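Single-structure report; data block below.
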Amino acid sequence: MRPSNEEQNSARRSGAIERLREIAQSRPPRVLIFANRGFGDLVCDTVLFAAFRQALPEARIAAVVRSSAHEAILAPGGLADEYLHFSADSDHYLRDALRLLRGIRRFRPDLMCVSTETDPVKSPVLSLLSGAKLRMGEAGSALGRLYTYAPPRRAEQHKVLSNWDILAAAGMDERPQPQVAVCEEDAQAMDRLASERRWPSAGPIAIHAGSRGIDTFKRWPVGHFAALIDRLSVTGDRPIVLVGGRDDAEEASAIRERVACEVDNLAATLSLGELAALFQRCSLVIGNDSGPMHIAAAVGAPSIVIFGPTCPERTRPWGDNVTVVRTGISCSPCFPRLRFGCGDPRCLTELEVDRVLEVAQSRLDRPAAAAATRLAVYPHR
């Protein structure tokens, strides 16, 4: 049943945290955060979990994420207490959606928070069906009125800022940074790997040449990565490792076949937690606009991210230790207007190896220095 106008107005007059603290006087409040997108998006969404954990340490927090693998982003830092899984790409969408709704109703949330850029039609309806009296999310459609706290969707700004807007609309002052913690088990696994490989104390250079399987249009060419690795091996003494998941294994193998130097191919061999632990050890991480690069930035690794069709102002990994490299070609970015790219990605093919190498050498020469700005764009000639 839809809450009355009186209930909605009462909820809006008092901030979410105040309402939850009233509940906390008799029992732990229950918070559900809907963040069921890719790894990179989930890293940006960690600010929501951290804000509630900071403001209400006693709260019971449930997370809706895409799969059990995504739990590795939240679990080591204690950002969520329990998990529900749902993927909008499921072959059994209706069945899985009904199962999700049953799980949410069993959790009995006092508040449901929907992260930025989530479906603007289905998500407000789901928040209403959840039974939560307090509902937070972006007003991306007329159905945004179903939320009790709803800032307008601002697609031009970074996703972290948009999540902060959701917090602010609910009267919350917390503005945490994206975070990915590393558990002791994963840290020890990387200690053993470093010892076996005899990595120097400065750490290796990690290369992530892939992207999610449906986002191949975001990939810098394999030949460019291979040439970059050969040039890096000549100019430095740090070992180079290839990383990524199953979707990236083919790219990594192709690069290894092309390079003249020795390179360690770890693609599809590490868990998400181990990847985060590896990035903590790296002197530099270089890769395409992808989820692993958000993880690298969140654990503080010096990072260079290659952008082409997508918009760095909206989706770049967050942090002062990140450098974005892209061309200045006029048609870039074209996403999401062209959902799978234009078919002739000059924004990537015309980004020269020498350009990326120059930025990489600059970062390696000053490993402790942060990037000058969060968006340091290397222009196209």
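All values derive from a computational prediction rather than experimental measurement. Values below: all heavy atoms of this structure, side chains included; hydrogens, waters and symmetry mates excluded. Positions are given from 1, in the same order as the sequence printed here.
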Next on the checklist: Are the side chains of V31 and I33 in contact, using a 4.5 Å heavy-atom criterion?
Outcome noted: yes
Checklist entry - Got I255 and V263 here, is their nearest side-chain heavy-atom distance under 4.5 Å? => result no
Checklist entry - Roughly how far apart are L42 CG and L74 CG, rounded to 0.5 Å? => result 4.5 Å
Checklist entry - Counting N and O atoms only, with roles assigned by atom type, does the side chain of R105 sit under 3.5 Å from a partner on the main chain of R102, one being a donor and the other an acceptor? => result no
Next on the checklist: Please check: side-chain N/O of W164 versus main-chain N/O of D173, any donor-acceptor pairing under 3.5 Å?
Outcome noted: no
Next on the checklist: Which residue in the set R66, K159, R37 passes salt bridge (Lys or Arg N to Asp or Glu O under 4.0 Å) when paired with D45?
Outcome noted: R37
Checklist entry - Parallel, tilted or perpendicular: which describes the rings of Y93 and F86, with under 30° parallel and over 60° perpendicular? => result perpendicular
Checklist entry - Using 4.0 Å as the upper bound for N to carboxylate O, is an ion pair formed by R175 and D165? => result no
Next on the checklist: Tell me whether L126 shares a hydrophobic cluster with L98, the cluster being built from Ile, Leu, Val, Met, Phe, Trp, Tyr side chains joined at under 4.5 Å.
Outcome noted: no
Next on the checklist: Any non-hydrogen side-chain atom of L56 less than 4.5 Å from a side-chain atom of I17?
Outcome noted: yes
Checklist entry - More than 12 heavy atoms of other residues, nucleotides or ligands under 6.0 Å from CD of E156: is that the case? => result yes
Next on the checklist: For E250, is the CD atom crowded, meaning more than 12 foreign heavy atoms sit under 6.0 Å from it?
Outcome noted: no
Checklist entry - For R27, does the CZ atom have more than 12 heavy-atom neighbours from other residues, nucleotides or ligands under 6.0 Å away? => result yes
Next on the checklist: Tell me whether the count of non-hydrogen atoms from other residues, nucleotides or ligands lying under 6.0 Å of CZ in R198 goes above 12.
Outcome noted: no
Checklist outcome for this item: Separation between CG (D96) and CG (L84), nearest 0.5 Å, reads 12.0 Å
Next on the checklist: Apply salt bridge (Lys or Arg N to Asp or Glu O under 4.0 Å) to residues D81 and R53 and explain how you reach the verdict.
Outcome noted: CA-CA 10 Å; D81 301 301; R53 187 61 84 201; 3.2 Å; yes
Checklist entry - Between atom CG of L351 and atom CZ of R346, what is the distance when rounded to the nearest 0.5 Å? => result 12.5 Å
Checklist entry - Is the backbone N or O of P120 less than 3.5 Å from a side-chain atom of S141, with the two atoms forming a donor-acceptor pair by type? => result yes
Checklist entry - Is the shortest heavy-atom distance from the side chain of V114 to the side chain of M136 under 4.5 Å? => result no
Item to check | Spatial distance of atom CG (D230) from atom CZ (F225) [nearest 0.5 Å] | outcome: 13.5 Å
Checklist entry - Do R219 and E251 meet the salt-bridge criterion of a basic N to acidic O distance under 4.0 Å? => result yes
Next on the checklist: Ignoring hydrogens, what is the shortest heavy-atom contact between A360 and L232? Give both atom names and the distance.
Outcome noted: CB-CD2, 4.1 Å
Next on the checklist: As an exercise, state the distance from CG of L20 to NZ of K133, rounded to the nearest 0.5 Å.
Outcome noted: 12.5 Å
Checklist entry - Between T116 and E138, does any side-chain donor sit less than 3.5 Å from a side-chain acceptor? => result yes
Checklist entry - Salt bridge or not for R30 and D110, using N-O below 4.0 Å? => result no
Item to check | H224 and E352 side chains, donor-acceptor separation under 3.5 Å | outcome: no
Checklist entry - To the nearest 0.5 Å, how far apart are CG in D264 and CG in L266? => result 4.5 Å
Checklist entry - Got more than 12 heavy atoms from elsewhere within 6.0 Å of CD, E185? => result no
Item to check | side-chain hydrogen bond (donor to acceptor under 3.5 Å, both in side chains) assessment of R153 paired with S162 | outcome: CA-CA 7 Å; R153 176 170 291 187; S162 293; over 6 Å; no
Item to check | Donor-acceptor under 3.5 Å (S127 side chain, P124 main chain) | outcome: yes
Item to check | Short side-chain donor-acceptor distance under 3.5 Å, R363 and T323 | outcome: yes
Item to check | Lys/Arg-Asp/Glu bridge criterion (N-O < 4.0 Å) met for D354, R231 | outcome: yes
Checklist entry - Can you tell if the side chain of R326 reaches within under 4.5 Å of the side chain of P333, non-hydrogen atoms only? => result yes
Next on the checklist: Any side-chain to backbone donor/acceptor pair from R314 onto Q157? Under 3.5 Å, distance only.
Outcome noted: yes
Checklist entry - Would you find a donor on one side and an acceptor on the other, under 3.5 Å apart, between the side chain of N163 and the backbone of C44? => result yes
Checklist entry - If you measure only the distance, is there a donor-acceptor pair under 3.5 Å linking the side chains of H208 and S290? => result yes
Checklist entry - Are any side-chain N or O atoms of S26 and backbone N or O atoms of I23, one a donor and one an acceptor, separated by less than 3.5 Å? => result yes
Next on the checklist: Donor-acceptor pair, distance only, cut-off 3.5 Å: does the side chain of S233 make one with the backbone of C261?
Outcome noted: no
Checklist outcome for this item: Smallest heavy-atom separation, G210 atom then D248 atom, equals CA-OD1, 3.2 Å
Item to check | Minimum side-chain heavy-atom gap P109-L134 below 4.5 Å | outcome: no
Next on the checklist: Could you tell me if the side chain of L161 sits less than 4.5 Å from the side chain of W318, heavy atoms only?
Outcome noted: yes
Next on the checklist: Tell me whether S123 contacts the main-chain N or O of T118 through its side chain, where contact means a donor paired with an acceptor under 3.5 Å.
Outcome noted: no
Checklist entry - Do N288 and S211 have side-chain atoms, one donor and one acceptor, less than 3.5 Å apart? => result no
Item to check | Heavy-atom closest pair, residues P312 and H158 | outcome: O-CD2, 4.3 Å
Checklist entry - With a 4.5 Å limit on heavy-atom distance, are the side chains of R99 and R95 in contact? => result yes
Checklist entry - Do any N or O atoms from the side chain of R316 and from the backbone of V324 form a donor-acceptor pair under 3.5 angstrom? => result no
